[in-house]
Amino acid sequence: MSRRPKIDVEAEIAALPELDLDTLQAKWRELYGVPSPKKIRRDFLRRAIAHGLQERAYGGLGASLRRRLARL
């Protein structure tokens, strides 16, 4: 069974290249709860936001995989 996202993730991600830096930084704060790093490149900012949108819509890593990654 696949989860149905509450937002149109594809449309949100497709719109990211059109957003100005202030809007991207606001989206970062919304997703991660902290201001974006000062010297982050815009391309990385967009990619991190896209990841956050997908994680919010479809779920993140499972607990067992997070523990395994932490051990590595």
(request) Just jot down the side-chain contact (heavy atoms from CB on, under 4.5 Å) partners of Q54, sequence neighbours excluded, or say none. (result) V9, I13, Y58
(message) For a quick test of reading the model, state the closest non-hydrogen atom pair linking P17 to A14 and the distance between them.
(response) CD-O, 3.3 Å
(request) Under the side-chain contact (heavy atoms from CB on, under 4.5 Å) rule, collect the residues that match up with L31, sequence neighbours excluded. (result) I49, L53, R56
(request) Quick one: pull up CZ in R67 and CG in L72 and give me the separation to the nearest 0.5 Å. (result) 13.0 Å
Pairs under 3.5 angstrom only: tabulate donor-acceptor contacts from the side chains of residues 33-45 to other protein residues two or more places apart or in another chain.
residue : atom : partner : partner atom : Å
D43     : OD2  : R47     : NE           : 2.9

(message) Ignoring hydrogens, what is the shortest heavy-atom contact between A48 and Y32? Give both atom names and the distance.
(response) O-OH, 2.6 Å
